[in-house]
Number of protein chains: 2
Amino acid sequence: MSNKVAADSRRRGTRSAANASVNGSPGHGIDLGLLPSLLGYQLRLAQRAVFSDFADALGELEVSPGLFGMLVVIEANPGLKQSQLAKAAHLDRSTLVPALDKLEARGLVMRRASEHDRRVNGLWLTEPGTALLKTLKQRVARHEQRLAHRLSRSERNQLIALLARIFPDRR
Amino acid sequence: MSNKVAADSRRRGTRSAANASVNGSPGHGIDLGLLPSLLGYQLRLAQRAVFSDFADALGELEVSPGLFGMLVVIEANPGLKQSQLAKAAHLDRSTLVPALDKLEARGLVMRRASEHDRRVNGLWLTEPGTALLKTLKQRVARHEQRLAHRLSRSERNQLIALLARIFPDRR
DNA sequence: TATTGTTATACTCTATAACTATA
DNA sequence: TATAGTTATAGAGTATAACAATA
């Protein structure tokens, strides 16, 4: 059976066994088969590494990548409504509620009912929210540097460009 | 404040507003600020797209990327023990238990107690498990093709290589 | 009727701690 | 004592369905 895997790999112009030792793959002697040749697999590992490093970088500030993104988007679009933020974050509007509750409870974000349409909550950063975000951005910048320290700037830019091209149109 | 973001972007040699319209970013007119210039953000979006396409590709077979990976590794390492599979999959050994329960309940995988050390379960694919995995691999190959249809083969290979280089040594 | 925010609920994925049976 | 597998439990993160207020 593993010759079948090898055959598949040969056809694709990759070699999984070789990959396994070249690849950042674990040194525990387990054969990962075709996994290292799969985009989805590499993406999952890379994201795991990135999230873990992000958490280290922000440390005691206790802001997840998702919450950081929300702060950035609110700052860039003061007064936007929850449903707009949900769409920008690719989240259901019900999913956003507890996240905003958290940000509001920490005094970083304000919901303010619209005067024109009283169904709507506009979202603003508070002054402490703006201040914290400034610090967060500095840490995130350092995190990005650390992450990509094995890549040249042009490789990093190319990586981002390649990633951005993968998305199916629908998403 | 958004001029600050722009300044950051300028310093980094990227332009987030331009990115936002070039990037597969949403057409809902919300400014994503510096997010599109961040590796972690692009990685998250790319992984979302990949997982969704993976699910479509495997459809009624109802096998997640994680379960697929386990089947591949068990096939490549017949008889490996649970703790080895957990390590290869970057999971706690307790996390593996319900996943294997599922695979065993579906008749795809067998746990067999070792004769040498009765604490150990060796893992094997069943005959139906091997047969299903063959089908899964075909679907995954098509999924990978579909995913990367905007990239040339060399771009795809380069993307995988760049991703593999991001990992911090520790992981 | 449709939209906005909310609640209740549930599902997936993951981890930690404590247990058991072995070694 | 240490290891392998298991259980109980909990915490993110996410979604769907139904609701109240408002348009």
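Note on naming: letters A, B, ... go to the chains in the order of the sequence lines (proteins, then strands), and numbering restarts at 1 for each one.
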Residue set satisfying salt bridge (charged side-chain N to carboxylate O under 4.0 Å, His left out) with B/R119, at least two apart, ordered chain then number -> B/D117
Please list, chain by chain and in numerical order, all residues satisfying side chain to side chain donor-acceptor pair (under 3.5 Å) with A/N77, sequence neighbours excluded. none
Describe the nucleic acid contact of A/T95 in one word from base, sugar-phosphate, nothing, applying a heavy-atom distance below 4.0 Å. base
With sequence neighbours excluded, what pairs up with B/R93 under the salt bridge (charged side-chain N to carboxylate O under 4.0 Å, His left out) test? none
In whole Å, what is the span from the CZ atom of B/R112 to the C1' atom of D/dG5? 18 Å
Is the side chain of A/E155 donor-acceptor paired with the backbone N or O of A/S152 at a distance under 3.5 Å, no angle test? yes
Between A/R44 and A/D92, just flag the one whose closest nucleotide in DNA chain C comes earlier from the 5' side. A/D92
When all nucleic acid strands are considered with a 4.0 Å heavy-atom cut-off, which category describes B/L91: base, sugar-phosphate, or nothing? sugar-phosphate
Under 4.0 Å: is that the gap between some side-chain N or O of A/K81 and OP1 or OP2 of C/dT4? yes
Rounded to whole Å, the CG-P distance (B/L96 to C/dT12) equals 17 Å
Could you run through nucleotides 18-23 of chain D and give me one letter per nucleotide, 5' to 3': B if any protein heavy atom sits under 4.0 Å from the base, S if only the sugar-phosphate is that close, - if neither? ---BBS
C/dT16 phosphate, OP1 or OP2: any side-chain N/O from B/S94 under 4.0 angstrom? no
Give the rounded distance in Å between these two atoms: NZ of B/K102 and P of C/dC11. 12 Å
Between P on C/dT14 and CG on B/L100, what's the gap in Å once rounded to a whole number? 13 Å
Results of side chain to side chain donor-acceptor pair (under 3.5 Å) for A/R139 - residues two or more places apart only: A/E60
Send over the distance from B/L123 CG to D/dA4 P, rounded to a whole Å. 13 Å
The criterion is side chain to side chain donor-acceptor pair (under 3.5 Å); which residues satisfy it with B/S94, sequence neighbours excluded? B/D92
Would you find a donor on one side and an acceptor on the other, under 3.5 Å apart, between the side chain of A/E144 and the backbone of B/L39? yes
Would you say a side-chain N or O of A/Q82 is under 4.0 Å from OP1 or OP2 of C/dT6? yes
Between B/D101 (CG) and D/dA8 (P), how many Å, whole number? 12 Å
To the nearest Å, how far apart are A/Q84 CD and C/dT3 C1'? 13 Å
When rounded to whole Å, the CZ to P distance for the pair A/F51 and C/dT14 reads 13 Å
